[in-house]
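Working notes, beginning with the structure itself.
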2 protein chains.
Amino acid sequence: MIDYSILVKSPLFGGIPEEECRALFSKIHYQVRKFEKDAIIVQGGEEVTNLFVVLSGSVRGEMIDYSGKTVKIEDIEAPRPLAAAFLFGKENKFPVTVTANKKSELLAIPVVEFLKLLQLNTRLLRNYLNNISTRAQFLSQKLHFLSFKTIKEKVAHFLLQQAGDRFHSFELKNTQQQLAELFGVTRPSLARVLGEMQNENLIKIEKKTVTLLDKQGLNSLLKNG
Amino acid sequence: MIDYSILVKSPLFGGIPEEECRALFSKIHYQVRKFEKDAIIVQGGEEVTNLFVVLSGSVRGEMIDYSGKTVKIEDIEAPRPLAAAFLFGKENKFPVTVTANKKSELLAIPVVEFLKLLQLNTRLLRNYLNNISTRAQFLSQKLHFLSFKTIKEKVAHFLLQQAGDRFHSFELKNTQQQLAELFGVTRPSLARVLGEMQNENLIKIEKKTVTLLDKQGLNSLLKNG
DNA sequence: GGCAAAATGTACCAATTGTTACAAAATGAT
DNA sequence: ATCATTTTGTAACAATTGGTACATTTTGCC
């Protein structure tokens, strides 16, 4: 049996009254599967044919590298859905192997049945679309940032974004070390670039205060990439 | 009026019979808007309240940088949809300003109405979900690639992924130029690295056939990053 | 104020990648 | 088969970044 009071706390079914939820599930086929600790729920690479929602317990996703060793881990607790972004699209395979951290219950809804649900309930449809869209937008933004090749470009982009419409001066909230990690570069390399940009009279740094001396010039760094 | 013979050639409405399409649109509110050459269709930053589909003509998306100048351009011809990935989610603003390249007609469907359509027609729902999911998966994959710092790591990862559980030999379906773009590096740099990896007896390339000589070694490139 | 710890500025050299250019090889069309 | 086009291999040099080390400055705390 599904505990609807938990289900409606999930991102997907949030905002849907329990009664409505119960009515929805009476119209489709689904399964509640129980897994013991360390049971494998899905193998990475398997085709995604069901939407899984963790109803109780906790599961973990493990990346398996090419030599067969476990690499990264992400825990998924109730009542979160599992690989919701891989239900559709060209590459609808599980990117990770999922294992139960402890005794767990998972709701399994076949894709066709989930499609029916989406068409029956507007709130669910909105939830799901918002969920995968937000994810796509997040990825897109992150990618945009990484698309800048040189450290100078990254710094220029970061500073212009931070400044926004404000004045030319503002406070840095991060240390160079933190910024270096954000940009994916080493700390001395970042320091060197900051130094260069000061010599070129693009910016001025005093303690934690950054002043953009030449917004025009900073922009041209981005364009001529 | 909508020319349904064109609409059903779009990614969204593909596979839906014209008659069915006509019936669908009789149930919702929508507009067909005409734009003269160089007319602004949407401003970047505006909230996305409509799904736009180019019915005739051609439009272009222009990025506006921080100083207010146009940067990048992407052309969208009929019958492609416009910013379909930004209809939902947290940041549902247009990332670009869209302008008409020439006299154009655009179908404008308010978000609420589009939701109705999705619930009325399973094929349309599948099309749309596949569309944005594929996009998200593409972004995700690309991001993963960029997380590897050296070209060697990227190549090792790519080759091991392509090979999968198959034999050690397989056919490359992409040119070096395409791979270089996928990796975000230049073509000669990629060629050099491929050469080095052959000298180190990690791989062998003959025409389009790649043979992985040392999977172990390729793996260790990824781990010791 | 004085002191330890953290953060920053710099310097040097190695490693990696980009840039440009050109030749060889493969591909496709006639 | 031949020719034009695309793809690939390779080289030399420039530019960028990483790695390491150390001095200096700033910060936080007593």
Side-chain angles (χ1 to χ4, degrees), chain A residues 145-159 162 169-213 217-218 220-225, chain B residues 142 144-159 162 169-213 217-218 220-225:
Chain A
F145 199 71
L146 287 178
S147 74
F148 294 113
K149 283 180 190 162
T150 68
I151 300 181
K152 236 174 208 169
E153 283 170 13
K154 291 176 186 179
V155 171
H157 178 255
F158 176 80
L159 292 179
Q162 288 288 309
S169 277
F170 59 95
E171 293 284 309
L172 261 189
K173 287 172 187 165
N174 314 300
T175 67
Q176 284 190 6
Q177 181 58 52
Q178 290 171 324
L179 288 182
E181 279 165 16
L182 176 63
F183 297 163
V185 302
T186 60
R187 205 268 312 159
S189 292
L190 175 60
R192 170 175 39 198
V193 167
L194 288 176
E196 285 171 12
M197 290 174 80
Q198 290 192 77
N199 289 339
E200 296 165 9
N201 289 318
L202 290 170
I203 60 177
K204 199 168 112 184
I205 301 182
E206 287 162 312
K207 315 234 170 142
K208 289 287 185 188
T209 305
V210 182
T211 306
L212 306 189
L213 300 174
L218 288 171
S220 64
L221 285 178
L222 300 183
K223 275 175 266 178
N224 314 330
Chain B
K142 187 134 190 176
H144 191 208
F145 267 132
L146 287 178
S147 73
F148 294 112
K149 282 178 189 165
T150 67
I151 300 181
K152 235 175 208 168
E153 283 169 14
K154 293 175 188 182
V155 171
H157 176 256
F158 176 80
L159 292 179
Q162 289 288 311
S169 277
F170 59 95
E171 293 284 310
L172 263 189
K173 286 173 189 167
N174 314 302
T175 67
Q176 285 189 5
Q177 181 59 50
Q178 290 171 325
L179 289 183
E181 278 165 16
L182 175 63
F183 297 164
V185 301
T186 59
R187 207 267 313 159
S189 293
L190 175 59
R192 171 173 41 200
V193 168
L194 288 176
E196 286 172 13
M197 291 174 81
Q198 290 191 77
N199 290 338
E200 295 164 10
N201 289 319
L202 290 170
I203 61 177
K204 199 169 112 185
I205 302 181
E206 287 162 312
K207 314 229 173 151
K208 289 287 186 187
T209 305
V210 181
T211 307
L212 307 189
L213 301 174
L218 290 171
S220 64
L221 285 178
L222 299 183
K223 275 174 265 180
N224 313 329

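Because only heavy atoms are used, hydrogens play no part in the values below, and waters and symmetry mates are left out as well, while side chains stay in. Here is how names work: the chains are called A, B, and so on, in the same order as the sequence lines, proteins then strands, and each is numbered from 1.
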For A/T175, which residues count as a side chain to side chain donor-acceptor pair (under 3.5 Å) partner, sequence neighbours excluded? none
Pairing residues for A/Q176 by the side chain to side chain donor-acceptor pair (under 3.5 Å) criterion, not counting sequence neighbours: none
Write out all pairs satisfying ring-ring contact (aromatic ring centres under 6.0 Å, His included) with one or both partners inside residues 181-206 of chain A, taking only residues at least two apart or from two chains. A/F145-A/F183, A/F158-A/F183
Here the distance between atom P of D/dT6 and atom CD of B/Q178, to the nearest Å, is 14 Å
Results of side chain to side chain donor-acceptor pair (under 3.5 Å) for A/E181 - residues two or more places apart only: A/Q177
Taking protein heavy atoms under 4.0 Å as touching, what does nucleotides 6-24 of chain C look like 5' to 3' if B marks base contact, S marks sugar-phosphate-only contact and - marks none? -SBBB-B----BBBB----
Sequence neighbours left out, what passes side chain to side chain donor-acceptor pair (under 3.5 Å) with A/R192? Give chain and number order. A/S189
Atom CD1 of B/I203 and atom P of D/dT8: how far apart are they, to the nearest Å? 13 Å
Could you check how far CZ of A/F148 sits from P of D/dT16, rounded to whole Å? 17 Å
